[in-house]
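Have a look at the structure below, then the notes.
Atom set for the values below is all heavy atoms of this structure, side chains included, hydrogens, waters and symmetry mates excluded.
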Amino acid sequence: MYIKQISAFIENRLGSLEEFTRLLADAGIDLLALSIADTTDFGILRAITSDNEKALTLVKSHGYTASLTDVLAVAVPDSPGGLADALTLLRKGGVTIEYLYSFVRRIDEAAVLIFRVDAPAKAAELLCQSGVRLLAQEEIGK
């Protein structure tokens, strides 16, 4: 039900994102989804990759501070209101969204969003009970 996301601190300087992504590319690791929030000195890179465990080991061995986090991959209709309907379910269930970002690829005819919430089990239950499809780790790497 949950998928793994790698989170890494990345220095906010010219070329640092290129270096990070080249490190993954040279190891044959594909970026499936990516989000970066930055401050003056550093950014927090969040990514779903084709091999999160390998990516974590690799980036840590190159001096990055990184970890794996459980997130939800939510397939919503790729039409007006698709995301709003899922967000309504979570709000009504009292689940707070910490952040979300979109997936680079579509699954079937659905848009895929990555959700980090304060109550993942509750969010998963609310979404599934309402017929919203949650994706497994194996499904997103296709």
Side-chain angles (χ1 to χ4, degrees), residues 1-128 130 132-142:
M1 158 178 11
Y2 304 121
I3 65 166
K4 296 291 184 185
Q5 163 195 274
I6 187 168
S7 299
F9 285 98
I10 187 166
E11 193 177 352
N12 192 356
R13 64 168 173 74
L14 181 64
S16 63
L17 181 58
E18 176 190 3
E19 292 166 10
F20 186 94
T21 59
R22 179 66 55 207
L23 182 63
L24 296 178
D26 289 348
I29 299 169
D30 193 13
L31 280 168
L32 306 176
L34 177 68
S35 171
I36 300 173
D38 70 337
T39 65
T40 303
D41 297 322
F42 69 92
I44 301 172
L45 179 143
R46 295 181 175 108
I48 309 297
T49 72
S50 59
D51 189 337
N52 290 315
E53 295 289 342
K54 181 178 176 183
L56 180 66
T57 301
L58 178 66
V59 299
K60 280 186 161 186
S61 74
H62 281 78
Y64 292 93
T65 300
S67 63
L68 289 180
T69 306
D70 287 332
V71 292
L72 301 173
V74 182
V76 300
D78 192 8
S79 60
L83 174 58
D85 292 344
L87 295 174
T88 298
L89 291 170
L90 296 176
R91 178 188 51 80
K92 287 182 176 180
V95 176
T96 300
I97 298 164
E98 296 176 12
Y99 57 83
L100 68 85
Y101 55 96
S102 63
F103 205 69
V104 177
R105 300 173 181 156
R106 290 172 51 155
I107 304 290
D108 299 323
E109 293 301 313
V112 179
L113 299 158
I114 306 301
F115 282 64
R116 171 74 174 162
V117 296
D118 67 338
K122 184 175 182 180
E125 182 181 344
L126 288 166
L127 293 167
C128 288
S130 296
V132 177
R133 182 176 170 205
L134 296 182
L135 302 170
Q137 193 82 41
E138 303 77 41
E139 292 178 279
I140 63 170
K142 292 180 180 178

Discussion item. Tell me whether the count of non-hydrogen atoms from other residues, nucleotides or ligands lying under 6.0 Å of CD in Glu18 goes above 12.
Written reply: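 At most 12 heavy atoms, drawn from other residues, nucleotides or ligands, come within 6.0 Å of this atom.
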Taking all non-hydrogen atoms of both residues into account, name the closest pair between [X] and [Y] and its distance.
{"X": "Phe115", "Y": "Leu87", "answer": "CE2-CD2, 3.8 Å"}
{"X": "Ala33", "Y": "Ser102", "answer": "CB-O, 4.1 Å"}
{"X": "Ala55", "Y": "Ile6", "answer": "C-CD1, 3.8 Å"}
{"X": "Leu90", "Y": "Ala123", "answer": "CD2-CB, 3.6 Å"}
{"X": "Leu31", "Y": "Ala47", "answer": "CD2-CB, 3.8 Å"}
{"X": "Ala66", "Y": "Val59", "answer": "CB-CG2, 3.8 Å"}

Worksheet entry | Chi angles and distances behind the side-chain contact (heavy atoms from CB on, under 4.5 Å) call for Val74, Val132 | CA-CA 7 Å; Val74 182; Val132 177; 3.5 Å; yes
Donor-acceptor contact present, side-chain [X] to main-chain [Y], <3.5 Å:
{"X": "Ser130", "Y": "Leu127", "value": "no"}
{"X": "Ser16", "Y": "Glu11", "value": "yes"}
{"X": "Tyr2", "Y": "Ala121", "value": "yes"}
{"X": "Lys4", "Y": "Glu53", "value": "no"}
{"X": "Thr88", "Y": "Ala84", "value": "yes"}
{"X": "Thr57", "Y": "Lys54", "value": "no"}

Flag side-chain contact, heavy atom, 4.5 Å: [X] against [Y]:
{"X": "Glu98", "Y": "Asp118", "answer": "yes"}
{"X": "Ile44", "Y": "Phe9", "answer": "yes"}
{"X": "Leu100", "Y": "Val71", "answer": "no"}
{"X": "Arg133", "Y": "Glu139", "answer": "yes"}

If I take atom [atom1] from residue [X] and atom [atom2] from residue [Y], how far apart are they, to the nearest 0.5 angstrom?
{"X": "Leu68", "Y": "Leu56", "atom1": "CG", "atom2": "CG", "value": "4.5 Å"}
{"X": "Leu34", "Y": "Tyr101", "atom1": "CG", "atom2": "OH", "value": "8.0 Å"}
{"X": "Leu32", "Y": "Ile3", "atom1": "CG", "atom2": "CD1", "value": "8.5 Å"}
{"X": "Arg116", "Y": "Arg46", "atom1": "CZ", "atom2": "CZ", "value": "8.5 Å"}
{"X": "Ile10", "Y": "Leu17", "atom1": "CD1", "atom2": "CG", "value": "5.0 Å"}
{"X": "Thr49", "Y": "Asp30", "atom1": "OG1", "atom2": "CG", "value": "8.5 Å"}

Item to complete: Output, in order, the C-alpha distance, side-chain angles, deciding distance and verdict of side-chain contact (heavy atoms from CB on, under 4.5 Å) for Leu45 and Ile36.
Response: CA-CA 4 Å; Leu45 179 143; Ile36 300 173; 4.2 Å; yes
Worksheet entry | Criterion side-chain contact (heavy atoms from CB on, under 4.5 Å) on Leu89 and Val95, from CA distance to verdict | CA-CA 9 Å; Leu89 291 170; Val95 176; over 6 Å; no
